[in-house]
Visitor: 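Take a look at the following structure, please.
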Amino acid sequence: MGRIELLQGDITKQEVDAIVNAANRGLLGGGGVDGAIHRAGGPAIREEARLLGGCETGDAKATTAGDLPANYVIHAVGPIWQGGDAGEAERLASCHRRALEVADELGCRTVAFPAISTGVYGFPVELAAKVALGTTHVELETHAGIEEVRFVLFSDADFQAFQQHLPS
Ligand code: ADP
């Protein structure tokens, strides 16, 4: 079964088959990690994303990775935190499931994720870490082609939150 790794750093620098973007439903770029990915990857990502017609919350769609070291960017749309009673955890789980399904369909063996929804979208990082890691752990059982999922956390606090919820 594939392994889960944690790393503190910049997802745009990762040499993996696919990096996952914390996108919004328009898929045309935004702030945070989305902006960083589009800046580092160049205009090819946006040009291809324009043809996808957006993406629902909880779903994921792939494009080229342009100038990035990765081969693909998988744009996953996480939920906006609304207090926790609006199905946010299930939709966060869903966007991780879908991103891993898309990665497997594309033949990716290594995949890097940021902490989706924990920035501007306001999802509490402790709960996000639990959902992201728990969902990934379960999904790796059914996606035998995926050898490594790497969570790339930007801040030390996020790295520590993920470390506390790493499945054994
Ligand atoms: P969302 O809108 O889904 O909340 P954000 O981009 O605002 O997405 O934040 C998601 C997470 O990505 C935050 O923890 C933020 O610190 C982190 N982040 C921002 N830039 C990068 C980067 N270059 N590499 C990895 N993580 C990043």
Side-chain angles (χ1 to χ4, degrees), residues 4-46 49 52 54-84 86-100 102-103 108 110-136 148-166:
I4 297 178
E5 302 281 347
L6 304 183
L7 184 88
Q8 194 181 342
D10 180 348
I11 198 166
T12 66
K13 305 277 200 292
Q14 302 303 307
E15 297 188 4
V16 286
D17 296 325
I19 65 169
V20 179
N21 181 18
N24 55 48
R25 296 198 306 165
L27 296 185
L28 298 179
V33 70
D34 195 2
I37 288 171
H38 280 271
R39 270 195 304 280
I45 299 176
R46 190 187 156 104
L52 296 175
C55 183
E56 290 302 317
T57 303
D59 198 3
K61 295 183 179 180
T63 64
T64 173
D67 301 328
L68 293 168
N71 295 324
Y72 301 100
V73 175
I74 299 173
H75 304 268
V77 183
I80 298 172
W81 182 255
Q82 293 174 290
E88 294 96 325
E90 175 44 35
R91 285 194 282 169
L92 187 64
S94 169
C95 78
H96 285 80
R97 269 197 300 275
R98 286 288 304 132
L100 290 167
V102 170
C108 299
T110 52
V111 184
F113 278 86
I116 297 174
S117 286
T118 66
V120 173
Y121 279 6
F123 204 110
V125 67
E126 290 284 335
L127 179 57
K130 205 169 147 185
V131 169
L133 292 166
T135 305
T136 299
E148 181 186 323
V149 175
R150 185 182 303 171
F151 284 87
V152 182
L153 294 320
F154 213 42
S155 72
D156 187 46
D158 291 351
F159 179 75
Q160 288 185 20
F162 271 69
Q163 224 169 13
Q164 277 174 15
H165 292 284
L166 197 58

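Heavy atoms only: backbone and side chains are in, while hydrogens, waters and symmetry mates are out. Indexing begins at 1, ligand by ligand and atom by atom, following the structure's order. One is the number of the first residue; the rest follow in order along the sequence.
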Visitor: Please report the closest heavy-atom contact between F162 and A132, naming both atoms and the distance.
Guide: CE2-CB, 4.1 Å

Visitor: Taking distance alone, with no angle check, do P114 and ligand 1 share an N/O pair under 3.5 Å?
Guide: no

Visitor: Does T12, backbone or side chain, put an N or O under 3.5 Å from an N or O of ligand 1?
Guide: no

Visitor: Provide the number and element of each atom of ligand 1 under 4.0 Å from a heavy atom of T118.
Guide: 4 (O), 11 (C), 13 (C), 14 (O)

Visitor: Please state which protein non-hydrogen atom is closest to atom 23 (N) of ligand 1 and give its distance, to 0.1 Å?
Guide: D10 OD1, 2.9 Å

Visitor: Counting only heavy atoms, tell me which of F154, F123, F159 gets closest to atom 26 (N) of ligand 1.
Guide: F154

Visitor: With heavy atoms of A115 as the reference, note each atom of ligand 1 found under 4.0 Å away.
Guide: 10 (C), 11 (C)

Visitor: Using 0.5 Å steps for rounding, measure from the OG atom of S117 to the CD1 atom of I80.
Guide: 8.0 Å

Visitor: Applying the side-chain contact (heavy atoms from CB on, under 4.5 Å) criterion to F113, which one of L100, I19, V152, I74 satisfies it?
Guide: L100

Visitor: So, E56 and K61, do they make that salt bridge, N to O below 4.0 Å?
Guide: no

Visitor: Of I11, N21, V33, which has the heavy atom at the shortest distance from atom 20 (N) of ligand 1?
Guide: V33

Visitor: Quick one: does S117 get within less than 4.0 Å of ligand 1, heavy atoms only?
Guide: yes

Visitor: What heavy-atom pair brings A49 and L27 nearest, and what distance separates the two atoms?
Guide: CB-O, 3.2 Å

Visitor: Who's the nearest protein heavy-atom neighbour of atom 4 (O) of ligand 1, and how far?
Guide: G119 N, 2.8 Å

Visitor: Are V102 and Y72 packed together at the side-chain level, in the sense that at least one heavy-atom pair is separated by less than 4.5 angstrom?
Guide: no

Visitor: For the backbone of A115 and the side chain of T118, can you confirm whether one donor and one acceptor N or O come within less than 3.5 Å of each other?
Guide: yes

Visitor: Under 4.0 Å from a heavy atom of D158: which atoms of ligand 1 are those, numbered in the order shown and with their elements?
Guide: 14 (O)

Visitor: Compute the shortest N/O to N/O distance between G122 and ligand 1 and return yes if it is under 3.5 Å, no if not.
Guide: no

Visitor: Quick one: pull up CZ in R150 and CD1 in I11 and give me the separation to the nearest 0.5 Å.
Guide: 9.5 Å

Visitor: Would you say the side-chain atoms of T135 pair up with the backbone N or O of V131, donor to acceptor, closer than 3.5 Å?
Guide: yes

Visitor: Counting each atom of ligand 1 from 1 as listed, which ones have a heavy atom of G32 under 4.0 Å away?
Guide: 6 (O)

Visitor: Is there a side-chain contact between S94 and D59 in this structure, where contact means two heavy atoms from C-beta onward sitting under 4.5 Å apart?
Guide: no

Visitor: Would you mind listing which atoms of ligand 1 come within a distance below 4.0 Å of any non-hydrogen atom of A22?
Guide: 3 (O), 8 (O)

Visitor: Kindly confirm or rule out an N or O of V120 lying under 3.5 angstrom from an N or O of ligand 1.
Guide: yes

Visitor: Any non-hydrogen atom of G78 lying under 4.0 Å from ligand 1?
Guide: no

